[in-house]
Amino acid sequence: MTQLRLHNTATRKAEDFTPIDPNNVRMYVCGPTVYDRAHLGNARPVLVFDVLYRLLRHIYGADHVTYVRNFTDVDDKIIARAAEAGREIDAITTETTRWYLEDMAALGAMEPSAMPRATQYIPQMVAMIEELIAKGNAYAAEGHVLFAVDSYADYGRLSGRSVDDMIAGARVEVAPYKRNPMDFVLWKPAKDGEPGWESPWGRGRPGWHIECSAMSYELLGATFDIHGGGNDLMFPHHENEIAQSCCAHPGGSFANVWLHNEMLQVEGKKMSKSLGNFFTVKDLLDKGYPGEVIRFVMLSTHYRRPMDWTEKKAEEAEKTLRKWYALASSAQADGAPPAAVINALADDLNTHKALAECHQLAAAQDATALRASLEQLGLIGEEAPRWAAEAEVDLSAFETRLSDLRMEAMASKDFTGVDQLKAALIDAGVEVQMSKVGVSLTPQAGFDPAKLEALK
RNA sequence: GGCGAGUUGGCGGAGUGGUUACGCAGCGGAUUGCAAAUCCGUGUACAGGAGUUCGAUUCUCCUACUCGCCUCCA
């Protein structure tokens, strides 16, 4: 069996991965807050952990991996969005959830085994908070319930911070009811008109962090294998999850391995609305970037390095994929991915190296192995995507015409007419190939039938 | 201020204590009426300084610079 190695944020080292139960490898990834279309940055963790999910299924068997990714459907941003749009919260979260799944599917991401919504687990969260209060790790104050960071000695360990340092550098305003400035909210009161649930502390709603602790416990247990997300979640979100879960379930160790992907940039800069380089996955898809191209670009940088999205990369990716699909389409979809590809992925998800292996397979014209590799990487399904297939245009009339012209020119040595037609065809986005065998015309990416029409 | 990541050839981007990354672009050649496509060949890079070592791009330390997080944006 392939030995998987993963870089564990908790230890800052690459470690051999050993599942708690090889018959049920369990992974939890923090999902989106559903209030708007997913932007390109949201797609990165989805794709990183999709690659890991596929790899785990390959190594341990498709039926022996449980992958949970949550939807945060109660949150300040959602409430604000509903208020400004004058819509029901439920309508927004339902719609956004659907968008999210559609957009991620377009990128070739498989759906996780379970996708719990926070609002479905309120009683479990309340129970967990009660447990934390009973154990002395949390306290109620002015309608809020707060986690007492002083009660958990290891607080800050994951992100390498000490509570004292954090207080020194904190820029947040400290609520007067907090015992320690770093104490964070488990439960907060709901204002009139805001969504809320009855609880021992009055009508309110959960803080952000508790949902992941509650849902991972319900679905994966007190100890599971892998917990992932973007590295911006390391602090405070994951730090807080650890504190909550380890204090509520002292017998468990929560997640054994922590994986964090680096952030995404666009043309060398942080993606932000103010820089005008902010866009959603849907924006890119609508602009004509196929999902496979986006996925390829994402996978071409290692997940722990900043990923820079550029137009140039997307163009190169499309050219490469066209070539690969043309070759892979000639193979049956039943091959096993070569060891080199699996080993690359097993080495802390070295997706770039896996793609490099695909280049080698393509160069060697190994269609079967290439196809299997693309399947493993989620770049091909039942068949090659339609955008990469040759356009269904009948160019045989032009082929004959060009061929005849060429034969005449060969004899007369006057190639003017041939060159004119050739130039016009190229201008219309047609690839022109002339050899001893004959003339071959192939529509390219920028094929323009209108220009062709003018040649008739 | 605190924490963390990074600095590789024209560009992108892996990796390694002493041997070729790979892709794209470029250059030379084959092929072609000319091209395109394809094939063959081609580039000796690793921020700076010190140290460890027989030997460092790869390990350690320092410096510079870049970037991210600390603000419930992945």
Side-chain angles (χ1 to χ4, degrees), chain A residues 9 12 29-33 35-36 38-49 69 72 75-77 156 158-173 182 184-185 188 207-209 211 228-237 239-240 260-265 268-273 278 296-297 300-308 310 312-313 315-317 319-320 323 344 347 350-360 362-363 365 406-407 409-416 418-419 422-423 425-426 430-436 439-442 444:
Chain A
T9 310
R12 319 249 175 226
V29 174
C30 292
T33 299
Y35 70 104
D36 204 350
H39 63 246
L40 191 59
N42 296 120
R44 171 111 109 140
V46 173
L47 293 176
V48 165
F49 292 103
R69 187 183 63 209
T72 300
D75 168 272
D76 289 344
K77 285 195 295 291
L158 177 71
S159 52
R161 301 151 197 250
S162 74
V163 172
D164 290 344
D165 287 342
M166 286 187 276
I167 292 170
R171 300 183 215 166
V172 274
E173 214 172 304
M182 295 313 296
F184 57 91
V185 171
K188 56 175 145 187
W208 174 36
H209 315 292
E211 65 175 83
N231 73 358
D232 57 334
L233 293 180
M234 218 161 105
F235 183 87
H237 185 56
E239 203 70 70
N240 294 353
H260 291 97
N261 63 275
E262 251 292 350
M263 298 292 102
L264 174 125
Q265 299 182 326
K269 296 195 168 114
K270 177 173 176 164
M271 182 167 77
S272 73
K273 286 175 179 165
F278 180 95
F296 183 106
V297 173
S300 66
T301 297
H302 186 86
Y303 76 93
R304 281 192 291 110
R305 312 270 292 217
M307 144 92 228
D308 191 14
T310 64
K312 185 167 178 252
K313 283 185 186 175
E315 283 166 22
E316 281 187 19
K319 274 164 70 178
T320 302
K323 271 198 289 191
D347 181 11
N350 194 335
T351 47
H352 182 91
K353 193 173 180 188
L355 290 173
E357 293 294 342
C358 289
H359 276 294
Q360 304 312 303
Q365 292 289 302
R406 182 157 167 265
M407 297 304 276
M410 297 282 252
S412 68
K413 301 294 176 199
D414 177 10
F415 291 92
T416 322
V418 187
D419 286 340
K422 187 181 75 177
L425 286 166
I426 289 169
V430 177
E431 184 185 274
V432 179
Q433 292 181 45
M434 288 184 271
S435 67
K436 284 177 183 141
V439 172
S440 160
L441 300 179
T442 317
Q444 295 296 289

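Each chain gets a letter, A, B and so on, in the order the sequences are listed, and its residues count up from 1. Bear in mind the structure is a predicted one, so any value in this text is a computation, not a measurement. Hydrogens, waters and symmetry mates are skipped; everything else that's a heavy atom, side chains included, is used.
Contact annotation: A:R305 side-chain N/O to B:A14 OP1/OP2 distance is under 4.0 Å. Between A:K323 and B:C24 there is a side-chain N or O to OP1 or OP2 distance below 4.0 Å. The side chain of A:N240 places no N or O atom within less than 4.0 Å of a non-bridging phosphate oxygen (OP1 or OP2) of B:C72. An OP1 or OP2 oxygen of B:G13 is reached within less than 4.0 angstrom by a side-chain nitrogen or oxygen of A:T301. Residue A:K313 places at least one side-chain N or O under 4.0 Å from the OP1 or OP2 atom of B:G13.
Protein atom CD of A:E262 is 9 Å distant from nucleotide atom C1' of B:C69, rounded to whole Å. Atom pair A:L264:CG and B:C69:C1' shows a separation of 16 Å (rounding to whole Å applied). Atom-to-atom, NE2 of A:H260 to C1' of B:C3 comes out at 13 Å; the value is rounded to the nearest Å. With rounding to whole Å, A:H209 atom NE2 is found 13 Å from B:A74 atom P. For the pair A:D308 CG and B:G68 C1', the interatomic distance rounds to 14 Å; values are reported in whole Å. Rounded to an integer number of Å, the gap from A:F296 CZ to B:C22 C1' is 11 Å. When the C1' atom of B:G68 is taken as reference, atom CE of A:M307 falls 16 Å away, rounded to whole Å. Between A:Y35 atom OH and B:C72 atom P there is a gap of 12 Å when expressed in whole angstrom units.
Comparing atom distances between the A:H359 side chain and each of B:A36, B:C22, B:A74 picks out B:C22 as nearest. For A:Q265, the side-chain atoms get nearest to B:C67 when compared with the rest of B:C34, B:C67, B:G33. Distances were taken from every side-chain heavy atom of A:A356 (C-beta onward) to each of B:C34, B:U38, B:A21; the shortest belongs to B:A21. Checking B:C24, B:A74, B:G4 against every side-chain atom of A:K319, the shortest atom distance belongs to B:C24. Nearest to the side chain of A:E316, among B:G33, B:C24, B:A37, sits B:C24. For A:Q433, the listed nucleotide lying nearest its side chain is B:A36; candidates were B:A74, B:A21, B:A36. In the set B:A74, B:A25, B:A14, B:A74 carries the atom at the smallest distance from any side-chain atom of A:D232. Comparing B:A21, B:A74, B:G33 by their nearest atom to the side chain of A:V418 picks out B:G33. Taking only side-chain atoms of A:L233, from C-beta outward, the nucleotide of B:A74, B:A36, B:C70 with the closest atom is B:A74. Closest to the side chain of A:V432, out of B:G23, B:C72, B:A35, is B:A35.
Remark: the A:K353 side chain and the B:C22 base include no donor-acceptor N/O pair separated by less than 3.5 Å. Looking at A:D419, its side chain comes within 3.5 Å of the base of B:G33 through a donor and an acceptor atom. A donor-acceptor contact under 3.5 Å is not formed by the side chain of A:H302 with the base of B:A14. Residue-to-nucleotide contacts include no donor-acceptor pair under 3.5 Å from the side chain of A:N231 to the base of B:C69.
Remark: the A:Q265 side chain and the A:D308 side chain contain no N/O donor-acceptor pair separated by less than 3.5 Å. Side chains of A:Q433 and A:T442: no donor on one and acceptor on the other come within 3.5 Å. A:S412 and A:D414 share no side-chain donor-acceptor pair at under 3.5 Å.
Partner assigned to B:U58 is none, using Watson-Crick or G-U wobble distances below 3.5 angstrom. Across all strands shown, B:U20 remains unpaired; no Watson-Crick or G-U wobble contact has both distances below 3.5 Å. The pairing partner recorded for B:A14 is none, the criterion being a Watson-Crick or G-U wobble arrangement whose two distances lie under 3.5 angstrom. If you check B:U42 for Watson-Crick or wobble pairing at under 3.5 angstrom, you find it paired to B:G26. With a cut-off of 3.5 Å on both Watson-Crick or G-U wobble distances, the partner of B:U71 is given as none. B:U7 is paired with B:A64 under the Watson-Crick or G-U wobble criterion, all donor-acceptor distances under 3.5 Å. Both distances falling under 3.5 Å, in either a Watson-Crick or a G-U wobble arrangement, occur for no nucleotide opposite B:G33.
Between A:W208 and A:H237, the ring-plane angle classifies as parallel under the 30° and 60° cut-offs.
Across B:C27 and B:G43, the matching C1' atoms stand 9 Å from one another, rounded to whole Å. Rounded to a whole angstrom, the distance from the C1' atom of B:A21 to that of B:C61 is 30 Å. Using P as the reference atom, B:G12 and B:G18 are 26 Å apart when rounded to the nearest Å. Taking atom P on both B:A5 and B:U20, the two are 31 Å apart, rounded to the nearest angstrom. The same atom, P, is picked in B:A47 and in B:U58; the two are 7 Å apart, to the nearest Å. Look at the C1' atom in both B:G33 and B:G28: the space between them is 22 Å, to the nearest Å. Taking atom P on both B:C46 and B:G10, the two are 10 Å apart, rounded to the nearest angstrom. Across B:U63 and B:C3, the matching P atoms stand 14 Å from one another, rounded to whole Å.
Counting any heavy atom pair closer than 4.0 Å across all strands shown, A:S440 reaches no nucleic acid atom. A:M434 comes within 4.0 angstrom of a base, heavy atoms only.
How far CZ of A:R406 is from CE of A:M434: 6.0 Å, rounded to the nearest 0.5 Å.
Comparing A:E431 and A:Q360 along RNA chain B, the residue whose closest nucleotide (by nearest heavy atom) sits nearer the 5' end is A:Q360. Along RNA chain B, the nucleotide closest to A:K413 and the one closest to A:W208 are compared, and the more 5′ of them pairs with A:K413.
Here the side chains of A:M307 and A:V297 are in contact, with some heavy-atom distance below 4.5 Å. For the pair A:F296/A:T320, a side-chain contact is recorded, criterion being any heavy-atom separation below 4.5 Å from C-beta on.
Ionic pairing of A:E357 and A:K353 is not present here: no N-O contact between side-chain nitrogen and carboxylate oxygen is shorter than 4.0 angstrom.
Listed for the A:E239 side chain is a donor-acceptor partner under 3.5 Å among the backbone atoms of A:L158.
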